[in-house]
2 protein chains.
Amino acid sequence: MAELQAKLHERRYKLTPQRIQILQAFLDNHTQHLCAEDVYGILRSKSSEIGLATIYRTLELLSELEVLHKMDFGDGCSRYEINETSVPHHHHHLICLECGKVKEFEGDLLETLEAMVAEKSNFRIVDHQLKFYGYCQECQKDRGDRSE
Amino acid sequence: MAELQAKLHERRYKLTPQRIQILQAFLDNHTQHLCAEDVYGILRSKSSEIGLATIYRTLELLSELEVLHKMDFGDGCSRYEINETSVPHHHHHLICLECGKVKEFEGDLLETLEAMVAEKSNFRIVDHQLKFYGYCQECQKDRGDRSE
DNA sequence: CTTAGTGCAAAACCTTTGCAACTCT
DNA sequence: AGAGTTGCAAAGGTTTTGCACTAAG
C-alpha cells in the first residue's frame, strides 16, 4: 500500500480513497482473481459509492504501474491479481474446464526454454504465461472420471 | 474437410455451405489466427451472403468438435486456429507487446512439467497453453532496443 | 417432411469515453 | 488554484439470442 503511494507520487498521480479501496479489495482477497465487477460488488457491499467506470480506470492504471497483473481466463472478462514484485516468482494457473475454478501452481521451470525461444525468434521476451486446462478433483468425480 | 463432414455426421449436425466456407477460410489462411470478424470479411469479400451470427455459431461448434481451437491474445476478440489432430503437436505463441504480432513457436517441452503438476494438484490435465510476451525484432529497433 | 441451420435485428455483455462536478496536492 | 479524478450516462465493441424463414438429411 505504501508502494502504491510511492508509485502514484512518482508519476504525479493522486492517492484517492477510491484507489486505496480498490487495492485494499485485492489485499483482502489475495487468493482470488477479481474482475472489475467483483471489485464493484465488494466495495458496494461495504457501502462505498464508487462507480464502475472508476474501477475500470483504476484497474488499468494499477496494471500500468505493475501493482496488479491483468489476466484472461476465457470467461469473458479481465481478471487481476496482485503483482508480487519482491520476488520475480512466476506462478501459473490450472483452469477447470467444468466449473471454471482456477488453482495456482508455483514454480518456474521455463527460463531455459524462454532463453531458447528468445534466441531463435529474435524476440526480446519480457514475460510468459502458462495455463493448464483440465478437470479438478471434484469435477472428475461428478463426471464419473471418464476419459473425455 | 472430410474430417469435418465425419464429425458433423456423427452428431447429426448438417453440412451446410456456410460451414464449409468457414472452414475453407481457415484452410486458406492457415498462417493466421482469424477472429469472427476476419472470417466475415473474408467470406463477404468472396461475395458470400453469410451472416455474422452464423459465423459465431459455427466457430463455437467447430471448437466443440475440436476442428478449431479457440485462443485469446488479449486483443478483445476470440481468435481461432485449425486444430492439427494428426500429431498432438503443441505449438506456442510469442506475442509482441508493441505491434501485437503473433509468432508461432514449435516444440513441446512441457510433458514432464504437466505430469508433475497433474500429480500435485489432482487435476486431470488435458491441455496447456504457453504464451511468451516480448518485443519482436522490428519493434525492438523502433523502440531503440531500450530495456524497458 | 422433419429437424437443424440461417439471417436479421435486437439484446446482452463488458469496457471505454465525454463531461460537469469534485478533490487531492 | 490547478491538474488530475470521479460518477454518471451514453456510446463502443464483441458476442448471444429470438424468431420467422430456409434448407439439409
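Below, read A as the first sequence line, B as the second, and so on, with proteins coming before strands; counting in each chain starts at 1.
With DNA chain D read from its 5' end, the first of the two nearest nucleotides for A:I55 and B:C77 is the one closest to A:I55. Checking B:R19 against A:G76, the closest nucleotide of DNA chain C that is more toward the 5' end is the one next to B:R19. For the pair B:L52 and A:R12, both in contact range of DNA chain D, the more 5′-proximal nearest nucleotide belongs to A:R12.
Checking D:dG7, D:dT15, C:dT16 against every side-chain atom of B:S78, the shortest atom distance belongs to D:dT15. Set against C:dC14, C:dG7, D:dT16, the side chain of B:Y56 has D:dT16 as its closest nucleotide.
When only modelled atom types and interatomic distance are considered, B:H69 and B:Q129 share no side-chain donor-acceptor pair under 3.5 Å. Using modelled atom types, one finds no donor on one side chain facing an acceptor on the other under 3.5 Å when comparing A:Q18 with A:T54.
What separates CG of A:D72 from C1' of C:dT15 is a distance of 13 Å, to the nearest Å. One atom, CG of B:L59, and another, P of C:dT6, lie 12 Å apart when rounded to the nearest Å. The CZ atom of B:R79 sits 9 Å away from the P atom of D:dT15 (whole-angstrom rounding). Spacing between atom OH of A:Y40 and atom C1' of C:dT15 amounts to 14 Å, rounded to whole angstrom units. The distance from atom CD of B:E37 to atom P of D:dT16 is 13 Å, rounded to the nearest whole Å.
Among the atoms of the strands shown, only primed sugar atoms or phosphate atoms (P, OP1, OP2) are found under 4.0 Å from some heavy atom of B:R44.
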What does the B/S/- profile of nucleotides 19-25 of chain D look like, 5' to 3', with a 4.0 Å heavy-atom cutoff to protein? ----BBS
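The residues B:D72 and A:K131 are annotated as not salt-bridged, no charged nitrogen and carboxylate oxygen being separated by less than 4.0 angstrom.
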